[in-house]
*Asks:* 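Supplied in structure tokens, the structure appears directly below.
Just so we're on the same page: letters track the sequence lines, and every chain starts at 1. Remember, it's a predicted structure, so these values are computed and weren't measured experimentally.
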Amino acid sequence: MSVSGVALPDARVLRYLGVRVLQVIPTILAIVVLNFFFLRLAPGDLAEVIAGEAGSASPEYMAILRQQFGLDQSIWVQFTKYLTELAQLNLGYSFRNSLPVLDLIVSRAPNTALLMLSSLLIAVVLGVLFGAISAQWRGKWPDGVISALSTVGFATPLFWVGLMLIVLFSVELRWLPAGGMQDLEHSYTGFAHMLDVARHMVLPVFSLAFFYIAIYTRLTRSAMLEVQELDFVRTARAKGLNPLPVTLRHVLRNALLPIVTMTGLQLGALLSGSVVIETVFAWPGMGRLAFDAVFQRDINLLLGVLFFSSFLVIVSNLVTDLVYALLDPRIDIR
Amino acid sequence: MWKVLVAALAVVAGASVSSAVPAVAQETKVPVKGGTLVVALEPEPSRLYLSSQTAVIVQSQIYENLVTLSKDYKPLPRLAESWEISADGKTITFHLRKGVKWHDGKPFTSADVAFSILELNKKFHSRGLSNFGTVEAIDTPDENTAVFRLSAPSLAIWSAFGADNATIVPKHLWEGKDPFTNEWINKPIGTGPFVFKEWVRGDHITLERNPDYWDAGKPYLDRVLFRVIPDAGARAAGLETGQVHYVPVTPVPLSDVERLKKLPNIDIVTDGFGTFAPMYFFDFNLENPIFKDIRVRQAFAHAINKQALADVAWYGFAKPATTPVPSDQKQFHANDTQQYAYDPAKAERLLDEAGYKRGKDGVRFKVTHLPVAYGEDFRRSAEFIRQQLKRVGIELEIVNYDLAGWLRTVFAERKFDTMTAYYAANADPQIGVHRRFWSKTFNRASWTNASGYQNPEIDKLIEASHVEGDPKKRAELIREVQRVAQRDLPSITLLEVSLFGVKVKKLHGLDPNPDGLYGSYGSAWLEK
């Protein structure tokens with residue numbers, strides 16, 4: 001039995017989910033263990049970072065810091081403590097920020113999700129459109145233009161795109177804000193606030209989308225070209241169907257699988273964010289949070305972010321599997 | 001790549017402003033009330049006390065100190081209105097300002113002073129012990145009097161009362177709590193001109209005007225908004241578009257300053273960095289046998305052209321240093337120390353005499369070099385030094401780390417041959433300079449004596465200066481420390497680096513005093 005076209009989960013889907021969730025537990029445990037020990041390979045610790053930022057230190061001061069942060073205990077004591085807390089779904093405390101790790105993640109994750117989902121959506125829609133056009137007019141001028149543009153999009157560094165957009169639209173034309181998430185001088189509320197955030201999103205979303213559009217265009221194009229050669233497409237054409245329905249219903253639908261795979265992978269990377277875009281546009285997201293945590297040796301925070309992201313990757317993989325089955329009746333869920 | 005980009009940015013951005021009409025300069029400026037000051041920060045503070053430089057910039061608007069420093073490093077009243085020092089120099093009595101209230105409405109008293117200095121700043125500040133180690137007790141005979149009891153006279157203590165060393169916090173919110181996890185560390189309650197409103201991590205910190213501020217009529221501004229803008233190009237764009245009014249530290253790459261200077265609406269801020277006075281130096285790891293020979297150390301000093309280093313690698317934002325103490329601190333600076341003029345031929349001669357002849361490949365010896373991980377400027381500078389030393393046959397192998405890695409490798413593990421860094425000299429050499437030469441600060445903690453120099457002669461001078469109560473005698477001890485340091489040369493003091501900020505022209509009233517970077521924006525105002 002397939003789940004194609006059936007929205008309601010039946011017993012088989014539920015059992016499948018159950019098995020997958022059980023498989024997830026050892027994966028997560030392995031991730032936690034590896035993260036914990038690998039992160040400690042970096043030279044220096046949080047006490048050094050804090051003394052480093054302060055610009056001065058004494059041995060007494062550094063001893064006080066290490067004691068406060070629990071860094072004076074053996075690594076096994078620290079590890080046991082971390083596992084015990086994690087088992088109670090407690091992600092720990094960021095001593096650098098004087099805040100619980102969960103608070104920091106919760107305050108940043110939605111911003112990144114907003115940024116990434118918007119650019120992913122734009123990228124999928126435009127990428128599939130361009131890819132389809134390109135495949136349909138293979139070798140003709142639309143294909144040439146789109147292929148050239150997507151090569152440029154693929155090869156251009158993200159930060160450069162971001163800065164050039166700032167120079168053009170913020171400094172030169174003054175149409176859009178150069179960074180941040182909201183206009184802080186006027187505290188907008190309600191609809192005006194949404195509009196304000198949308199204005200701030202335009203540049204970062206399009207800088208990111210610029211890159212992703214290129215990926216999806218190329219994927220769609222090659223997948224469609226492959227499907228176009230298949231027998232059932234020739235049959236559909238031979239029996240006199242209009243070219244447009246053939247392209248949409250037969251070719252495109254069958255070419256969507258690699259797109260779903262790609263989107264699934266990117267959904268996983270979603271909350272880890274784009275460090276580059278968040279940095280250039282001063283966007284308060286998870287990418288910067290994680291990036292800063294690396295340099296600050298804020299291990300608790302970094303472990304929390306990594307745990308959170310790996311959890312998300314696993315969930316999005318699950319969702320991707322289910323979407324496969326929806327798209328392609330031949331794929332069965334067991 | 002980055003430079004190309006900045007250049008590209010410069011071309012486009014430069015074109016945009018050339019068409020702008022220059023603002024009409026006003027002759028007499030009367031402060032205007034109102035407005036929101038937007039200040040860009042990077043890195044974002046981790047919390048608003050016991051943290052980094054940018055945190056102090058924010059907390060200085062909310063918290064206050066007993067005194068601040070005048071242009072000539074003399075204390076000026078702030079929370080303390082007046083003070084007297086006993087004849088033996090061991091008792092300092094502060095008379096506190098009356099009627100000052102915390103932002104939560106509770107009165108500010110001498111108990112807050114005693115608690116803040118003894119329980120927080122002395123114990124938990126990174127310089128706590130060097131600043132207040134001599135403070136044994138603080139008596140509070142009444143609400144408006146705080147009497148500091150010192151174990152020995154300390155003149156350096158006066159440089160410690162300002163800035164972030166002696167933040168006065170409300171005892172009723174901090175007593176009995178672990179300072180690092182106290183919730184008030186992230187939403188400070190102070191006595192200052194601005195009240196903490198909100199902090200959206202990664203984005204901004206908002207402060208609002210304190211309507212009950214003790215200095216009636218101030219502050220002029222309605223709000224101060226600190227925006228976190230991590231990218232230097234975006235900070236420059238913010239200044240150009242007027243979305244940002246002020247970037248107090250590390251505003252833009254040095255290579256971008258010339259372009260910004262030419263913009264009609266931008267000022268470069270060079271006042272307010274006196275107490276930071278970063279001294280850029282080259283340290284030898286004296287545990288390496290090569291560097292035990294003073295001729296080798298002298299050769300390094302003769303081989304480096306300080307003026308060229310300042311002009312080329314630092315774009316003129318530095319000048320050659322002659323001693324470890326900044327030349328602007330005239331009360332301490334010695335001008336009769338041994339100097340090592342740029343003289344590559346002499347450097348080669350010294351190396352030959354020391355037995356390090358050039359090999360077949362022209363190389364005498366190879367050593368590692370770890371530039372401090374403070375970014376591009378320091379890497380470029382190390383590269384410049386590498387090229388200069390190469391001319392006299394010394395091969396420097398530059399190894400880069402991030403800051404935590406650098407601190408661990410240089411100080412805790414001591415796995416380096418040479419390094420370059422800058423230390424803030426601070427308002428008093430006892431705090432900022434002596435740590436480079438004192439055997440007691442050769443202790444593997446960060447930002448201490450990295451060369452491993454130990455000399456009883458200099459120890460004696462340093463320790464005597466710490467307890468000398470007569471300013472004249474003490475200054476002479478400090479000058480003698482410089483003479484010995486320049487003679488023994490465990491470390492080559494290369495440059496006095498000039499820090500700078502960038503502001504828009506319509507912002508006025510920033511604090512120009514030596515620790516103005518940490519000054520209050522109570523007198524700042526924005527032209528309409």
*Asks:* Do A:Gln68 and B:Phe124 have side chains that get closer than 4.5 Å, going by heavy atoms?
*Replies:*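 Of all side-chain heavy-atom pairs linking B:Phe124 with A:Gln68, at least one is under 4.5 Å.
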*Asks:* With a 4.5 angstrom heavy-atom cut-off, could you sort out which part of B:Tyr422 is near chain A: side chain, backbone, both or neither?
*Replies:*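 Looking at B:Tyr422, nothing touches chain A.
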*Asks:* Does the side chain of B:Arg408 come within less than 4.5 Å of A:Asp45's, by heavy atoms?
*Replies:*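 Side-chain contact under 4.5 Å: yes.
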*Asks:* Tell me, for B:Arg227 versus chain A, whether the close heavy atoms (under 4.5 Å) come from the side chain, the backbone, both or neither.
*Replies:*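 Contact with chain A involves the side chain of B:Arg227 alone.
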*Asks:* So for A:Tyr93, is it side chain, backbone, both, or neither that comes closer than 4.5 Å to the heavy atoms of chain B?
*Replies:*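 Interface part for A:Tyr93: side chain.
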*Asks:* What residue in B:Asp402, B:Thr36, B:Thr206 has the most heavy-atom pairs under 4.5 Å with chain A?
*Replies:*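 The candidate making the most pairs under 4.5 Å is B:Asp402.
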*Asks:* Quick one: which of B:Gly405, B:Ser51, B:Ala412, B:Pro45 has the most heavy-atom pairs under 4.5 Å with chain A, could you say?
*Replies:*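 Among the listed options, the one with the most contacts to chain A is B:Gly405.
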*Asks:* Are any non-hydrogen side-chain atoms of B:Ser46 and A:Gln296 less than 4.5 angstrom apart?
*Replies:*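 B:Ser46 does not reach A:Gln296 side chain to side chain.
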*Asks:* Give a yes or no on whether A:Phe37 atom CZ has more than 12 heavy-atom contacts from other residues, nucleotides or ligands under 6.0 Å away.
*Replies:*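 Atom CZ in A:Phe37 is packed in, count exceeds 12.
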*Asks:* Please classify the contact between B:Val38 and chain A as side chain, backbone, both or neither, with a heavy-atom cut-off of under 4.5 Å.
*Replies:*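 For B:Val38, the contact with chain A is made by the side chain alone.
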*Asks:* Kindly give the heavy-atom pair with the smallest separation between A:Ile166 and B:Ala237, and that separation in Å.
*Replies:*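 Answer, listing the atom of A:Ile166 first, then B:Ala237: CG2-CB, 3.8 Å.
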*Asks:* If you measure from CD1 on B:Ile185 to OG on A:Ser98, what distance do you get to the nearest 0.5 Å?
*Replies:*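 If I round to the nearest 0.5 Å, the distance is 4.5 Å.
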*Asks:* Below 4.5 Å from any heavy atom of chain B, which atoms of A:Leu289 appear? Answer side chain, backbone, both or neither.
*Replies:*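 Neither part; nothing is under 4.5 Å.
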*Asks:* Name the region of A:Arg96, side chain, backbone, both or neither, that has any atom closer than 4.5 Å to a heavy atom of chain B.
*Replies:*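 Its backbone and side chain both get close to chain B.
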*Asks:* Quick check for you: to the nearest 0.5 Å, what is the distance between B:Leu407 atom CG and A:Met62 atom CE?
*Replies:*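 These two atoms lie 7.0 Å from each other.
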*Asks:* State, yes or no, whether a side-chain contact exists between A:Ile64 and B:Lys123 at a heavy-atom distance under 4.5 Å.
*Replies:*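 Of all side-chain heavy-atom pairs linking B:Lys123 with A:Ile64, none is under 4.5 Å.
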*Asks:* Looking at A:Phe291, I want to see if its CZ is surrounded by more than 12 non-hydrogen atoms of other residues, nucleotides or ligands under 6.0 Å.
*Replies:*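 For A:Phe291, atom CZ is not crowded (no more than 12 foreign heavy atoms under 6.0 Å).
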*Asks:* Using modelled atom types and a 3.5 Å cut-off, is there a donor and acceptor pairing between side-chain atoms of A:Arg297 and backbone atoms of B:Ala404?
*Replies:*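 Checking the backbone N and O of B:Ala404 against the side chain of A:Arg297, no donor-acceptor pair under 3.5 Å is found.
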*Asks:* Which one of B:Asn186, B:Thr409, B:Ile431 has the most heavy-atom pairs closer than 4.5 Å to chain A?
*Replies:*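 Ranked by contacts with chain A, first place is B:Asn186.
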*Asks:* By a 4.5 Å heavy-atom criterion (distance strictly below it), what part of B:Thr241 contacts chain A: side chain, backbone, both, or neither?
*Replies:*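 Contact with chain A is through both the backbone and side chain of B:Thr241.
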*Asks:* Select one option (side chain, backbone, both, neither) describing which atoms of A:Leu46 are under 4.5 Å from chain B's heavy atoms.
*Replies:*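 Answer is neither: A:Leu46 stays 4.5 Å or more from chain B.
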*Asks:* Count the heavy atoms of every other residue, nucleotide or ligand shown that sit under 6.0 Å from NZ of B:Lys177, and state whether that count exceeds 12.
*Replies:*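 Check passes, neighbour count above 12.
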*Asks:* More than 12 foreign heavy atoms under 6.0 Å from CD of A:Gln67: is that the case here?
*Replies:*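 No.
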*Asks:* Heavy-atom pairs under 4.5 Å with chain B are the metric here; pick the option from A:Met181, A:Gln182, A:Glu53 that has the most.
*Replies:*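 Most pairs with chain B among the choices: A:Glu53.
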*Asks:* Less than 4.5 Å apart, any side-chain heavy atom of B:Arg201 and any of A:Leu99?
*Replies:*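 Yes, side chains in contact.
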*Asks:* Give me the atom names and distance for the closest heavy-atom approach of B:Gln243 to A:Pro177.
*Replies:*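 Result for this residue pair: NE2-CA, 3.8 Å.
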*Asks:* Under 4.5 Å heavy-atom distance to chain B, tell me which part of A:Ala51 shows up: side chain, backbone, both or neither.
*Replies:*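 A:Ala51 touches chain B through backbone and side-chain heavy atoms alike.
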*Asks:* Report which part of B:Asp178 has an atom under 4.5 Å of a heavy atom belonging to chain A: side chain, backbone, both, or neither.
*Replies:*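 Contact with chain A involves the side chain of B:Asp178 alone.
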*Asks:* Please classify the contact of B:Arg235 with chain A as side chain, backbone, both or neither, using a heavy-atom distance under 4.5 Å.
*Replies:*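 Contact with chain A is absent: no heavy atom of B:Arg235 under 4.5 Å.
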*Asks:* Under the rule for salt bridge (charged side-chain N to carboxylate O under 4.0 Å, His left out), what residues qualify as partners of A:Asp292, not counting sequence neighbours?
*Replies:*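 By the salt bridge (charged side-chain N to carboxylate O under 4.0 Å, His left out) rule, A:Asp292 matches no residue at all.
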*Asks:* At their closest point, which heavy atom of B:Asn443 faces which heavy atom of A:Pro59, and how far apart are they?
*Replies:*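 Heavy atoms only, the tightest pair is ND2-CD, 3.1 Å.
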*Asks:* Any idea which of A:Gly162, A:Ala54, A:Gly52 has the most non-hydrogen atom pairs under 4.5 angstrom with chain B?
*Replies:*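 Most pairs with chain B among the choices: A:Gly52.
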*Asks:* Between B:Ser130, B:Ala424, B:Ala445, which residue shows the highest count of heavy-atom pairs closer than 4.5 Å to chain A?
*Replies:*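 Winner by heavy-atom pair count: B:Ala445.
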*Asks:* Between A:Ser56, A:Gly44, A:Ala57, who has the most heavy-atom pairs with chain B when the cutoff is under 4.5 Å?
*Replies:*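 If we count pairs closer than 4.5 Å to chain B, A:Ser56 comes out on top.
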*Asks:* Flag yes if more than 12 heavy atoms outside A:Phe154 fall under 6.0 Å of its CZ atom; otherwise flag no.
*Replies:*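 No, the 6.0 Å shell around CZ holds no more than 12 heavy atoms from other groups.
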*Asks:* May I ask you to test the B:Thr181-A:Phe95 pair for a side-chain heavy-atom distance under 4.5 Å?
*Replies:*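 Yes, close enough: below the 4.5 Å cut-off.
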*Asks:* Please classify the contact between A:Glu60 and chain B as side chain, backbone, both or neither, with a heavy-atom cut-off of under 4.5 Å.
*Replies:*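 Side chain of A:Glu60 only, per the 4.5 Å heavy-atom cut-off to chain B.
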*Asks:* Below 4.5 Å from any heavy atom of chain A, which atoms of B:Asp203 appear? Answer side chain, backbone, both or neither.
*Replies:*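 Contact with chain A: backbone and side chain both.
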*Asks:* With respect to chain A, which residue among B:Glu183, B:Glu44, B:Arg435, B:Arg444 yields the maximal number of heavy-atom pairs within a distance under 4.5 Å?
*Replies:*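 So the answer, after comparing B:Glu183, B:Glu44, B:Arg435, B:Arg444, is B:Arg435.
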